[in-house]
Undergrad: 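Let me give you the structure first, and then I'll get to my questions.
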Amino acid sequence: MSFESTRVKELLQDYAPEKGNLMAVLHKIQKECGNHLSDETLKEVAKTTGIPLNRLYGFVSFYTMLSTEPKGRHIIRVCKDGPCNFAGGWATAELLGKELDIEIGETTEDGRFTLEETACLGTCTAAPAIMIDDEIHANVSPEKLGEILKKYK
Amino acid sequence: MNYNAKILSADKDHVLLKNVGKIDPMSIDAYLKAGGYEGLKKALAMDPKKVIDEVSDSGLRGRGGANFPTGRKWTFTAGAKADQKYIICNADEGEPGTVKDRVLMEGDPHQMIEGIVIGAYAIGATKGFVYIRGEYRKSIATITKAIADAEKKNFLGKGILGSKFDFELRVVEGGGAYVCGDETALIESIEGKRGEPRMKPPFPPVVGLWGKPTIVNNVETLANVPHIIKNGAAWFTKKGPAGSPGTKIFMLVGDVNEPGVVETTFDHTPKDIVEKFGKGVDGGFKFAQIGGSSGNLFTADMMTNPMTYERMAEMKVSYGTGSIFVANETRNVVEFLSTVAEFFEHESCGKCTPCREGTHRISQIMEKFEFGEGTISDLDLLEELALVMKKASLCGCGQACVNPFLDALKNFKGEILAN
Ligand SMILES: Cc1cc2nc3c(=O)[nH]c(=O)nc-3n(C[C@H](O)[C@H](O)[C@H](O)COP(=O)(O)O)c2cc1C
Ligand code: SF4
Ligand code: FES
């Protein structure tokens, strides 16, 4: 048994339908398994939880934060909504794309970053905002971006 | 403590923001020292029905966008017969421009939890959930810790504070889907399903989570509850104009000189709020979108009306979540609308045709105008689509997302065509 499949089993011990925590468990599994839920992983989840595999796929495909496609070690999410846009959100996304040499939705060759869009991060009073992994960065400016990226190896 | 949101109103006018930035949100003792959980103690000594009466008499209305009277909603569930009832706190805050629920959760988590426990007691729920959007990692961590601390002090758990009332509260994470803010979609999501809205009726207060009577209330709504119980309904109704009692958190975003959050009564006009608290518009005022991406567009003359429920209803608009997103004279309406169109095209859950197809078509039309290829017949089509979506969409997403487009057709048609 691979490390991942053992770990998936471990994480699934917390799953309890009446606690509504399927999402939390999948978030955790995803984080430890290359930022995505592979076919193998989902089969394991289906087997342990008793949730039919097709329903599980339906669930995962519905939610933007869950992915069946492999991602980089760090996920950068750039807010593209109104208030951030006014404050230069799109310019930030473009700059990031250039800096990392990828388009939105792509992963850098070294697997360090995946660049994505996100809906409003509730940080609009300090726009523009981006999110890297679990952390939100507010008032992002071209000057600040370089510094911020350095923190993520 | 950094909430990435400046508080612009004065301490003396605060009810909900009173502790935010003042006490350590990770410390239940700090909350207790500030007078916390006194509302719950008082509620537990009251008959549950009396608690609902107090909330009804206060005139509190939902702060999640739909303004439904909270006490009346609770009565439906209290009166329903069932072996299990639930209360859910809707913390899926996803309406662009809205930051208040995050600030309340990260700045004063116990205030909201206290409100949930009082609500649960009033309606007879023994289990509850806080559904927090997946992007709000800090809110998830803060609320999770606060729940653990409240359990240790027996504000949650079995026989709360020596009473016969048991209540268990859990955090549920979202996965990045705006539509899960709709209460029936949110319920589906907790059940481990795709977050697609249900047909109504039946409504959740009667048939909700796992088929049981369920109350869904917004974070800000529930944060008001401890204060109403502690200070009484009359104290609440005295705040603000008749018919629109209490305080509300408004958010100033976009082209204002000082963006931030404001807690104030409903007698203010949006213009007052922008000028008094936001230090005015950065550039000349063009329009404001109030209440998030599905909110109405306010032109300069509309900005001088007080935001009472009454006046808003007369104007056939709503202030929704309370965000005031200001656009200055340099902003292009087409560009603005394109951003809105893309948001809804992405967030439409696809369950019903008018919204799934409509949001896609609107997005295409806006794109045409962005490239200078739009015609007057495109605008006729836009209007027709919008009216159908308003009538025929299954949930509030498809029904309300056309508001800014219809408003723009009324006020900025010339500018769109000139593009
Ligand atoms: C598409 C859509 C998104 C919504 N998003 C939210 C949200 O993020 N937060 C919220 O409290 N209510 C949201 N609502 C409203 C809820 O369905 C519900 O009316 C509200 O949670 C009730 O709480 P209240 O009465 O305390 O306002 C949304 C509704 C729709 C149709
Ligand atoms: S109106 Fe839109 S979001 Fe709502 S159910 Fe229909 S497709 Fe889904
Ligand atoms: S619009 Fe970007 S954080 Fe709200």
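When reading the values below, keep in mind they use all heavy atoms of this one structure, side chains included, and skip hydrogens, waters and symmetry mates. Order of the sequence lines sets the chain letters (A, B, ...), proteins ahead of strands, with each chain counted from 1.
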Undergrad: Have a look at B:Asn4 and tell me which of A:Leu121, A:Asn139, A:Thr123 forms a side-chain contact (heavy atoms from CB on, under 4.5 Å) with it.
TA: A:Thr123
Undergrad: What part of B:Glu168 lies closer than 4.5 angstrom to a heavy atom of chain A: side chain, backbone, both or neither?
TA: side chain
Undergrad: For the interface with chain B, which of A:Gly58, A:Ala87, A:Ala138 has the highest count of heavy-atom pairs at distances below 4.5 Å?
TA: A:Gly58
Undergrad: For B:Leu209, is it the side chain, the backbone, both or neither that has a heavy atom under 4.5 Å from a heavy atom of chain A?
TA: neither
Undergrad: Applying side chain to side chain contact (heavy atoms under 4.5 Å, CB included), run through A:Cys120 and B:Glu135 and close with a yes or a no.
TA: CA-CA 9 Å; A:Cys120 172; B:Glu135 292 89 343; over 6 Å; no
Undergrad: Where does B:Ala141 contact chain A at under 4.5 Å (heavy atoms): side chain, backbone, both or neither?
TA: neither
Undergrad: With respect to chain A, which residue among B:Gly254, B:Gly94, B:Gly134 yields the maximal number of heavy-atom pairs within a distance under 4.5 Å?
TA: B:Gly134
Undergrad: In terms of heavy-atom pairs under 4.5 Å with chain B, which of A:Lys19, A:Arg77, A:Lys80, A:Glu135 leads?
TA: A:Lys19
Undergrad: By a 4.5 Å heavy-atom criterion (distance strictly below it), what part of A:Asn85 contacts chain B: side chain, backbone, both, or neither?
TA: side chain
Undergrad: Between A:Phe62 and B:Val179, does a side chain to side chain contact (heavy atoms under 4.5 Å, CB included) hold up when you go through it step by step?
TA: CA-CA 11 Å; A:Phe62 186 84; B:Val179 70; 3.9 Å; yes
Undergrad: Taking every non-hydrogen pair under 4.5 Å, which of B:Glu196, B:Lys193, B:Glu93, B:His346 racks up the most with chain A?
TA: B:Lys193
Undergrad: Would you say B:Glu335 has more than 12 foreign heavy atoms packed within less than 6.0 Å of its CD?
TA: no
Undergrad: Side chain, backbone, both or neither: which part of B:Ser293 has a non-hydrogen atom closer than 4.5 Å to chain A?
TA: neither
Undergrad: So, for A:Pro17 and B:Trp210, which heavy atoms are closest and what is the spacing to 0.1 Å?
TA: O-CZ2, 3.3 Å
Undergrad: Quick check on B:Tyr178 against chain A: is it the side chain, the backbone, both or neither that has a heavy atom closer than 4.5 Å?
TA: neither
Undergrad: Out of A:Leu22, A:Asp81, A:Asn21, return the one with the most heavy atom pairs under 4.5 angstrom to chain B.
TA: A:Asp81
Undergrad: With a 4.5 angstrom heavy-atom cut-off, which part of B:Arg170 approaches chain A: side chain, backbone, both or neither?
TA: side chain
Undergrad: For a 4.5 angstrom cut-off between non-hydrogen side-chain atoms, does B:Arg137 reach A:Met131?
TA: yes
Undergrad: Measure distances from A:Ala24 to the heavy atoms of chain B and classify the residue's part below 4.5 Å as side chain, backbone, both or neither.
TA: both
Undergrad: Heavy-atom pairs under 4.5 Å with chain A - which of B:Glu258, B:Glu191, B:Glu347, B:Arg331 has more of them than the others?
TA: B:Arg331
Undergrad: Kindly give the heavy-atom pair with the smallest separation between A:Trp90 and B:Glu342, and that separation in Å.
TA: CZ2-OE1, 4.3 Å
Undergrad: Would you mind telling me which of A:Cys84, A:Ala119, A:Gly20 has the largest number of heavy-atom pairs within less than 4.5 Å of chain B?
TA: A:Gly20
